[in-house]
Every structure is written in structure tokens, then in C-alpha cells.
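A short worksheet on the structure shown next.
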Amino acid sequence: MDPVGQDINLNSPNKGLGPTGGVDSLSGVSMEGGATGVAAVNTLPPGLTEEEAEELYSELGKVEEEINTLRQVLLAKEKHSADLKRKLGLSPLNELKQNITKGWQDVQTSNAYKKTSETLSVAGQKTTAAFSTMGTALSRKLGDMRNSPTFKSFEDKVGNIKYMVVGPRGNGEAVQSPTETTNPVQDNAPF
């Protein structure tokens, strides 16, 4: 018996019959006795004779039997496929990786991706050029500012304060401040 408990041989006279031996699990219709018992219990739809109802119930039983058989065949095929994949060393994780890789390749070859990539590339180039221009202008402005008399005066004052705090170097040599070439440091300096 297979896992579902039914014979999956399509040529078998017992195909689709469950372990109970004659009741279709989906319809509840007895296969040996036909559908007359069910039809007698249920009321017939208007315009349908008993013979037509029996014929439809019989056809319904056959279709449901075929559905069960196909389900069993599909389960057997899926099991066989899983066994082959296991023997080949294909795990679900490997399949997922392959699917993701294939999907990414499909995305990269799509027109939307190509257009977006080109647009972002152009935008990146323009941004780089803008930053370069801004950096050059900023560098030029800082250079101009450093050469200005205000900055020179500020630099001299900071140098004098450093000289007053640090004093001469510890190796015995007296180090002069950058502005103290001939003028000694005054005690009443503004800083």
C-alpha cells in the first residue's frame, strides 16, 4: 500500500479505492452499489430525472476517483523527485540560491534596471563634478582667507599665546615666537 492507502496503478481494477474497499473518500458514494442510495435521500433538482441524477452521480464518482488517482501519482512523482534531488546533493537551500541568482540575472537584463542604472550613473557623475567644483572653490576661499591680514594678525596672536604658555623649548635653546623677531613680548598685550 502507498502512503494514502490506495492503489495508484492506473490499470488496476481497484484504482482509487480506499482501505474501506468501496467508498470514495471525497463524495461518500458507494462504488459497488452505485449512487442510487444517495439520490434517493437527496431531493432531485427541478427538471432532473432519477436516471439522469444516477448518471451524473456515477460520472461524479468516476471524476473524483480520477482526481484521487492523480493526487496519488503526483505524490509519488514528488517523492521520486525529492529522492533524485537528495542523491544529486541538491538541497532546498541550493535551489533557493539558484533561484535568487537567476532572478537577479533576470532583473539585471531588464530594460527598467538598465535605464535606472544609466540614470544613477549619470547622476553620480554630476554629483562628483559638483563636489569637485565645490571643493576647489572652498579650497580657493580658504587660501584667500589665510592670506588675508585679519587671519595673519590672528595667527600671530595665537603664536604669541602659545609662546607665553609653552615658553622656550626644554633643550636649553630659546625659541622665538613667529612674530618675535626683534620685539620682545609685551606684558600688556591685548590677548
Side-chain angles (χ1 to χ4, degrees), residues 1-35 37-39 41-45 47-48 52-146:
M1 269 297 149
D2 64 312
V4 179
Q6 296 180 338
D7 186 2
I8 61 170
N9 183 351
L10 297 178
N11 296 324
S12 170
N14 297 324
K15 70 177 177 183
L17 297 181
T20 56
V23 176
D24 188 353
S25 62
L26 292 179
S27 67
V29 175
S30 171
M31 295 302 185
E32 289 91 15
V38 175
V41 173
N42 294 336
T43 58
L44 294 176
L48 195 62
E52 292 172 333
E54 284 181 26
E55 187 177 313
L56 290 175
Y57 277 115
S58 174
E59 186 177 339
L60 176 64
K62 290 177 184 177
V63 169
E64 288 178 345
E65 183 179 325
E66 288 175 8
I67 290 171
N68 282 333
T69 302
L70 291 173
R71 281 187 183 138
Q72 293 167 3
V73 170
L74 180 62
L75 285 173
K77 295 283 185 184
E78 287 176 343
K79 182 181 178 195
H80 185 64
S81 172
D83 289 342
L84 292 174
K85 286 179 182 179
R86 183 181 45 79
K87 288 178 183 177
L88 290 170
L90 299 176
S91 68
L93 182 59
N94 288 340
E95 287 185 47
L96 179 63
K97 287 179 185 177
Q98 289 174 353
N99 288 342
I100 289 173
T101 301
K102 184 182 182 307
W104 179 242
Q105 289 172 348
D106 291 346
V107 166
Q108 287 179 325
T109 59
S110 71
N111 288 334
Y113 179 84
K114 289 178 182 177
K115 287 180 182 178
T116 304
S117 177
E118 290 170 3
T119 302
L120 289 176
S121 176
V122 168
Q125 291 170 355
K126 288 182 178 180
T127 304
T128 301
F131 278 130
S132 175
T133 302
M134 187 176 74
T136 303
L138 186 60
S139 176
R140 190 178 320 117
K141 277 291 188 189
L142 286 174
D144 292 347
M145 189 174 83
R146 186 153 192 227

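Here the structure is a predicted model, which is why all the values come from computation and not from measurement.
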Point to revise | Steps toward side-chain contact (heavy atoms from CB on, under 4.5 Å) verdict (T136, R140) | key: CA-CA 6 Å; T136 303; R140 190 178 320 117; 3.8 Å; yes
Point to revise | D83/K79 ion pair, N-O < 4.0 Å | key: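 No, no charged N to carboxylate O under 4.0 Å.
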What's the spacing between [X] [atom1] and [Y] [atom2] if we round to 0.5 Å?
| X | Y | atom1 | atom2 | result |
| --- | --- | --- | --- | --- |
| Q108 | Q105 | CD | CD | 7.0 Å |
| Y113 | L120 | OH | CG | 9.0 Å |
| Q98 | L93 | CD | CG | 10.0 Å |
| L96 | T101 | CG | OG1 | 9.0 Å |
| N111 | T116 | CG | OG1 | 10.5 Å |
| I67 | L74 | CD1 | CG | 13.0 Å |

Between [X] (side chain) and [Y] (backbone), is there a donor-acceptor pair under 3.5 Å?
| X | Y | value |
| --- | --- | --- |
| T119 | K115 | yes |
| S132 | A129 | no |
| T128 | G124 | yes |

Check your understanding: Can you name the residues that form a salt bridge (charged side-chain N to carboxylate O under 4.0 Å, His left out) with E95, not counting sequence neighbours?
Key ->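 Salt bridge (charged side-chain N to carboxylate O under 4.0 Å, His left out) check on E95 returns K85.
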Check your understanding: Has E52 got more than 12 heavy atoms of other residues, nucleotides or ligands less than 6.0 Å from its CD?
Key ->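 For E52, atom CD is crowded (more than 12 foreign heavy atoms under 6.0 Å).
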**Study point:** Non-hydrogen atoms of L44 and A53 that approach each other most closely
**Key:**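 Nearest pair, atom of L44 first, then A53: CD2-CB, 3.4 Å.
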Exercise for review: Looking only at non-hydrogen atoms, find the nearest pair between N94 and L90 and report the distance.
Suggested key: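 Nearest heavy atoms, N94 then L90: ND2-CA, 4.4 Å.
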Check your understanding: By side chain to side chain donor-acceptor pair (under 3.5 Å), which residues pair with K77, not counting sequence neighbours?
Key ->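 Here no residue qualifies.
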Point to revise | Sequence-distant partners of D144, side chain to side chain donor-acceptor pair (under 3.5 Å), two or more places apart | key: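 Not a single residue meets the side chain to side chain donor-acceptor pair (under 3.5 Å) criterion with D144.
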